[in-house]
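This report refers to the structure that appears directly beneath it.
As the structure is a prediction and not an experimental result, all values here were calculated from the model. Each chain gets a letter, A, B and so on, in the order its sequence line appears, and its residues count up from 1.
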Protein chains: 2
Amino acid sequence: MTTHTAAADITETKQLAALSPPQIKIFHGDCQSVTPRSIDAGSIDLIVTSPPYADQRRSNYGGIHPDKYVEWFLPRAEVLRAALSPTGSFILNIKEKVVDGERHTYVLDLIQALREQGWRWVDEYCWHKKNSYPGKWPNRFRDSWERLLHFAVSKNFKMRQESVMVPTGDWKNARLRNLSATDQVRDLSKAGNGFGKRIANWVGREYAYPTNVLHMSTECGYKGHPAAFPVALPQWFIRLFTDPGDWVLDPFAGSGTTLVAASQLGRNSIGIDTLEEYCDLMRERIVE
Amino acid sequence: MTTHTAAADITETKQLAALSPPQIKIFHGDCQSVTPRSIDAGSIDLIVTSPPYADQRRSNYGGIHPDKYVEWFLPRAEVLRAALSPTGSFILNIKEKVVDGERHTYVLDLIQALREQGWRWVDEYCWHKKNSYPGKWPNRFRDSWERLLHFAVSKNFKMRQESVMVPTGDWKNARLRNLSATDQVRDLSKAGNGFGKRIANWVGREYAYPTNVLHMSTECGYKGHPAAFPVALPQWFIRLFTDPGDWVLDPFAGSGTTLVAASQLGRNSIGIDTLEEYCDLMRERIVE
DNA sequence: AGCTCTTATGAATCATTGA
DNA sequence: GTCAATGATTCATAAGAGC
């Protein structure tokens, strides 16, 4: 039993208890070869990932040149598409870097190329990073947002909009202060929109659907490993695009944030990473 | 003479009083033909505009099909580039519409095409619309953000970052840091030229640079014109990319929000619109 | 528990220097 | 020339210490 969602999520807790505990699989290797070998076609309900950005993290992943990014990504997207269920979704967290004083276009190119590969570009969510990296330059301000591209293979993908509804009005802030005992609730308050669907019923107050702008802080001061996104981010999309018992895949799993989120929510998960070191890290983190 | 900040109201008022009152020119017609005929090459310091979106506002503008959007836009961008000063900027407010359940790619295509035309894609600001249009759909949430694309023709465009500084998030921290002698020394040394120094002396560290995410509510459209952007939006970019006395152009002026903002800030402005009815509207609005 | 205050740090970017 | 490495810049947040 790995879930501990916002305080009195009684119904959800019962549901999860009735299910077998969520499975977690970790594969070491490149997702391009691992995926077709180790994952059944059409068995994945949601892919959430933050791939290595172009020319970033060179010390860890070897770095992909911006001009080569699309050709590096496409064959991997192809195997991911085969693994995804017809009603599944693919959430891609990415942002183009600045090259020679202007934004590089590889993300734009990638969107176009993925569409040609058969993906539907359903929407682009905006992740507003409330605590973006500081710095000052003569020609730009701090970059405070990233793209969360939502792709699907069919028009009728699964979407559970009620599961991410947010309380309306001042009630939210007042209530959260009372509930701030646990880390989980703190995470939810950080997200500002991570409430489960049952909590709204439990409290019996008004709630509304969120928008396609997510306000979340990057995780700060965590251990020595690079944390891609805050756990609230995969949480939000897992609630939105899967049911308990579904399978979630992160083909560039890194420190395993997606797997943690999935397990907390009673979803099975698979993580893949090219670095054995990160696979070990994930296993350690999951034990907690 | 060229400095200008939100904090320096007194100085600003004096400056503006010393200048002749801002000029406003309104031209009726298509900017593609009006611009080369009526605007001197290189005379414009900033272009801020929200062009008719694809297939939107059909009743007013005739509507451009999404698939034809880029070819419609490009010749107009060409004349705008000729009108823009070498140190000028071009702010394009745009968002792709949903066609057949997915985002259309004409904005991505447009960015690519503008780069091929010689524009530099400096950055993409995110306009977070705090009060986005209500609605509910089975496969997406409310669209709560739009793109504010920043293009320039040269690497060393004009940018007055001090003019849009915002109060620091935590006032207590700012005040405390003010007491630290080392911090004051750091401020003075890093401020560099002219105005930065004055800010450091005057308001200490109570102001910080903003990010590339703008939080602004939409305004109800000015009577008779479909809702464009709030006046605070062009204001922000006019402060950021021009000095008093500079020339601001809106080639799709609509209800004239950009002209109002420019005049309020002591900048000269030019508005162009294909509809005589809107030109009349602008003239009325400017009298106020 | 609830404050206040301190400190460390995070998918960053540009200018400069040296090979 | 081009390219790679280094230093300087900067702020919202979490965690931790102290009361």
Side-chain angles (χ1 to χ4, degrees), chain A residues 49-61 63-67 69 92-104 106-107 127-148 177-183 185-187 189-192 215-233 252 254-255 257, chain B residues 122-123 155-157 159 161-162 165-180 182-183 186-192 196 199-200 204-213 215:
Chain A
T49 197
S50 190
Y53 290 9
D55 210 14
Q56 306 282 102
R57 291 195 192 177
R58 200 158 28 158
S59 55
N60 291 329
Y61 282 106
I64 303 105
H65 192 280
D67 296 340
Y69 199 81
L92 180 61
N93 170 221
I94 197 165
K95 181 75 187 242
E96 54 273 32
K97 68 174 294 196
V98 173
V99 175
D100 192 33
E102 62 178 333
R103 291 280 167 198
H104 200 281
Y106 60 88
V107 174
W127 172 20
H128 168 40
K129 296 187 289 185
K130 289 185 293 184
N131 61 339
S132 57
Y133 202 91
K136 170 148 170 43
W137 310 277
N139 55 353
R140 66 185 63 252
F141 288 134
R142 292 183 299 146
D143 191 9
S144 211
W145 67 286
E146 294 192 13
R147 306 178 194 280
L148 293 162
R177 224 172 285 131
N178 293 336
L179 294 177
S180 67
T182 69
D183 287 340
V185 170
R186 272 216 301 254
D187 275 340
S189 78
K190 265 190 298 187
H215 304 273
M216 296 184 190
S217 302
T218 57
E219 269 165 8
C220 212
Y222 201 49
K223 313 290 197 281
H225 57 73
F229 36 50
V231 69
L233 197 52
F252 307 98
S255 61
T257 304
Chain B
V122 179
D123 205 359
K155 282 178 98 160
N156 57 336
F157 54 87
M159 193 174 193
Q161 300 192 349
E162 309 77 30
M165 292 186 88
V166 291
T168 304
D170 192 339
W171 266 63
K172 288 167 191 166
N173 270 348
R175 231 178 286 168
L176 280 171
R177 256 195 286 175
N178 226 9
L179 297 175
S180 147
T182 54
D183 274 344
R186 273 204 321 168
D187 283 346
L188 292 172
S189 66
K190 91 188 143 198
I199 284 209
R205 292 298 299 267
E206 290 171 4
Y207 286 86
Y209 293 103
T211 70
N212 62 354
V213 176
H215 304 272

> NA contact type, A:P51, heavy-atom cut-off 4.0 Å: base, sugar-phosphate, or nothing?
Replying inline: base
>> Once you apply a heavy-atom cut-off of 4.0 Å, does B:T211 come out as touching a base, just sugar-phosphate, or nothing?
In response: nothing
For [N], does either OP1 or OP2 sit under 4.0 Å from a side-chain N or O belonging to [X]?
X	N	result
A:R103	C:dA12	no
A:R140	C:dC14	yes
A:N139	C:dT13	no

>> I'd like to know if the side chain of B:Q161 and the backbone of A:W137 have a donor-acceptor N/O pair within less than 3.5 Å.
In response: yes
In terms of side-chain heavy atoms of [X], which of [options] is nearest?
X	options	answer
A:V98	D:dT9, C:dC14, C:dG10	C:dC14
B:Y209	D:dA12, D:dC11, C:dT13	D:dC11
A:S217	D:dT9, D:dT13, D:dC11	D:dT13
A:D143	C:dT13, D:dC11, D:dT9	C:dT13

> Is A:E146 close to A:N93 at the side-chain level, that is, under 4.5 Å between some pair of heavy atoms?
Replying inline: yes
> Taking side chain as C-beta onward, heavy atoms only, is A:S132 less than 4.5 Å from A:F141?
Replying inline: no
>> On DNA chain D, compare the nucleotides closest to B:V166 and A:W137; which residue's is nearer the 5' end?
In response: A:W137
> Does A:D143 come within less than 4.0 Å of A:K129, counting only side-chain N to carboxylate O?
Replying inline: no
